[in-house]
Number of protein chains: 2
Amino acid sequence: MVLSKACTYGILASLYVARESSRSKDYVSIGKMSKELNISFHFLTKILQQLTSAGILVSMKGPKGGVALKRDPKEISLVDVVVAIDGMGLFTDCLLGLPGCGEEKPCPVHGEWDGIRANLFHTFRGKNLEETAKSIDELNLRFALPAGAEVDREDSG
Amino acid sequence: MVLSKACTYGILASLYVARESSRSKDYVSIGKMSKELNISFHFLTKILQQLTSAGILVSMKGPKGGVALKRDPKEISLVDVVVAIDGMGLFTDCLLGLPGCGEEKPCPVHGEWDGIRANLFHTFRGKNLEETAKSIDELNLRFALPAGAEVDREDSG
DNA sequence: TTATTTAGAGACTATTTTATCTTATTTTTG
DNA sequence: CAAAAATAAGATAAAATAGTCTCTAAATAA
Ligand code: FES
Ligand code: FES
């Protein structure tokens, strides 16, 4: 898995908030969001707290409370969300898990991986929440987990 | 983490076997390999069993036993090893964990991810064990874990 | 001020991944 | 055939990740 599940939830939630924010200025209810995205409420809450402490969201308690984007959604990239939850590892670590990935003492796949992850970084650094959220409605994209179903990974058998 | 730890161990071990095979026709001892790569013997054994049942390695018990490549190392790509251990998920699954990744009902990052993972696939599909193992000696590359050290992931604090 | 509604925080549980330990089973050597 | 050396297999344990539950704190509304 490239991104942790927490991270994918964080991305889906960020897009949800950006999408709602384009319609009203109110805080987005975590309860409502967890239902519509089919993500466990308490687990989602924790992830949103990480995004809040990372300066991506702000939160408000009480009735009419919830979360909202702290900054202009045009200024928040998907990489910001990934880094807030999974850290920079995806963009800095050795693909083979060797410590200290770099040119000085590269592993046998460093040359290839270095290019691919840079591409990954720049591609998602260039995707901001505003445009990405807008594309959901324009292109009728999927961005919520299905109702009861569980995702299962393919495996070598 | 892009690849499971088991998968990175499998790649390092495959390269080790390919490198040894280029020098002699004997089976490569798993005990010796686990010591030189600093990978837990029993854990490595299980990973090698997966590679054996996937038709990448053959094994032999008893003194002078061990593992060897089943096919010409020129014909075994790094993708073969990845797929044998982690499955095809890396190359087929939705980056956001939604079920049924595809053009019909794409998620907001499908376009980008689809291209990047195809690049990833073709790049490592093009790297075979023979050439990759040879490059280790020619370029003095790293391909073993350090002695006692543990790798730690960067995290968002 | 009190009740209600919502997020925050922490303990707890479950699952998956990683790692270890013990006991076969097979093969060579003497 | 017996002993030794090596992989195979399975039980167990530890660690990381994912998910649940309960209680607290803050904000609103009456
Ligand atoms: S050293 Fe392995 S990817 Fe950089
Ligand atoms: S549907 Fe998400 S990456 Fe294809």
Side-chain angles (χ1 to χ4, degrees), chain A residues 1-10 12-13 17 20 26-35 37-54 56-68 70 85-87 89-90 97 145 148 150-156, chain B residues 1-10 12-13 17 26-35 37-54 57-68 70 85-87 89-90 97 145 148 150-156:
Chain A
M1 225 187 253
V2 178
L3 303 175
S4 70
K5 226 159 177 187
C7 188
T8 66
Y9 291 172
L12 296 173
V17 174
E20 293 293 309
D26 294 344
Y27 285 100
V28 176
S29 157
I30 299 178
K32 182 164 175 276
M33 176 163 35
S34 82
K35 282 194 193 75
L37 295 179
N38 287 299
I39 297 171
S40 150
F41 171 78
H42 292 285
F43 192 35
L44 180 58
T45 291
K46 284 192 189 167
I47 296 162
L48 296 176
Q49 282 168 28
Q50 294 185 69
L51 295 179
T52 299
S53 70
I56 291 173
L57 299 176
V58 288
S59 71
M60 175 60 72
K61 289 181 179 177
K64 314 283 287 177
V67 293
K70 185 172 188 182
I85 296 170
D86 277 356
L90 176 61
L145 295 173
E150 261 312 292
V151 189
D152 53 12
R153 288 209 305 161
E154 202 155 339
D155 202 18
S156 65
Chain B
M1 224 187 255
V2 179
L3 303 175
S4 71
K5 225 161 176 187
C7 187
T8 67
Y9 291 173
L12 296 173
V17 174
D26 294 344
Y27 286 101
V28 176
S29 156
I30 300 178
K32 181 163 175 276
M33 175 162 38
S34 81
K35 282 194 192 75
L37 295 178
N38 287 297
I39 297 172
S40 148
F41 171 78
H42 289 100
F43 192 35
L44 180 58
T45 291
K46 287 195 185 162
I47 296 162
L48 296 177
Q49 281 169 29
Q50 293 185 68
L51 294 179
T52 300
S53 69
L57 299 178
V58 288
S59 70
M60 177 58 72
K61 290 181 178 176
K64 313 283 285 178
V67 293
K70 186 172 187 182
I85 296 170
D86 278 354
L90 175 60
L145 294 172
E150 260 312 291
V151 189
D152 51 15
R153 287 209 306 160
E154 201 156 339
D155 201 18
S156 64

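Every chain is numbered from 1, with letters handed out A, B, ... down the list of sequences.
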Quiz item: B:His42 side-chain donor-acceptor pair to D:dT7 base, under 3.5 Å: no
Atom-to-atom span, CD1 of A:Ile47 to P of C:dA7 - whole angstrom: 14 Å
Interatomic distance, B:Lys35 atom NZ to B:Ser29 atom OG [nearest 0.5 angstrom]: 7.0 Å
Any B:Gln49 side-chain N or O less than 4.0 Å from OP1/OP2 of D:dA9: yes
Look for any protein N or O under 3.5 Å of an N or O in nucleotides 13-15 of chain C and output each such pair with its distance, or none.
none

Between P of D:dA5 and CZ of B:Phe41, the distance in whole Å: 14 Å
Separation of D:dA9 C1' from B:Leu48 CG (nearest whole Å): 14 Å
Phosphate-side-chain proximity, B:Thr45 and D:dA8, N/O vs OP1/OP2 below 4.0 Å: no
Short side-chain N/O contact to D:dA15 OP1/OP2 from B:Lys5, under 4.0 Å: no
Interatomic distance, B:Phe43 CZ vs D:dA14 P [rounded to whole Å]: 17 Å
Test side chain to side chain contact (heavy atoms under 4.5 Å, CB included) applied to B:Val2 and A:Met1, step by step: CA-CA 6 Å; B:Val2 179; A:Met1 225 187 253; over 6 Å; no
Candidate nucleotides D:dA8, C:dA7, D:dT20, ranked by approach to the side chain of A:Ser40 - the nearest: D:dT20
Rounded distance in Å - CG (B:Leu57) to P (D:dT7): 12 Å
Atom pair distance, as rounded to whole Å: CG in A:Leu44 and C1' in D:dC21: 16 Å
Distance (rounded to the nearest 0.5 Å) between A:Ser40 OG and A:Lys46 NZ: 9.0 Å
Verdict with supporting geometry, B:Val58 and B:Val67, side chain to side chain contact (heavy atoms under 4.5 Å, CB included): CA-CA 6 Å; B:Val58 288; B:Val67 293; over 6 Å; no
Difference in axis direction between the ends of the helix from C:dT1-D:dA30 to C:dG30-D:dC1, five pairs, 10°: 0°
Short side-chain N/O contact to D:dG19 OP1/OP2 from A:Tyr9, under 4.0 Å: yes
Between C:dT17 (C1') and B:Asp86 (CG): distance, integer Å: 11 Å
Length of the line joining A:Gln50:CD and D:dT17:P, which is rounded to integer Å: 12 Å
Side chain to side chain contact (heavy atoms under 4.5 Å, CB included) assessment of A:Met33 paired with A:Leu48: CA-CA 11 Å; A:Met33 176 163 35; A:Leu48 296 176; 3.7 Å; yes
Atom pair CG/NZ of B:Asp26 and B:Lys64 - distance to nearest 0.5 Å: 5.0 Å
Short side-chain N/O contact from B:Lys46 to OP1 or OP2 of D:dA8, under 4.0 Å: no
Between CG on residue A:Leu37 and CG on residue A:Leu12, distance to nearest 0.5 Å: 6.0 Å
Criterion side chain to side chain contact (heavy atoms under 4.5 Å, CB included) on B:Leu145 and B:Ile39, from CA distance to verdict: CA-CA 7 Å; B:Leu145 294 172; B:Ile39 297 172; 3.9 Å; yes
Shortest non-hydrogen separation from A:Leu44 to A:Ala13 and the atoms involved: CD1-CB, 3.9 Å
Heavy-atom closest contact (A:Ala68 atom, A:Tyr27 atom, distance): CB-CD2, 3.8 Å
Close residues, residues 58-66 of chain A, relative to DNA chain C [heavy-atom separation under 4.0 Å]: A:Ser59, A:Met60, A:Lys61, A:Gly62, A:Pro63, A:Gly65, A:Gly66
Passing candidate, side chain to side chain contact (heavy atoms under 4.5 Å, CB included) with B:Ile85, options B:Leu3, B:Thr8, B:Ile47: B:Ile47
Under 3.5 Å: donor-acceptor pair, side chain of A:Asp86, backbone of A:Ser4: yes
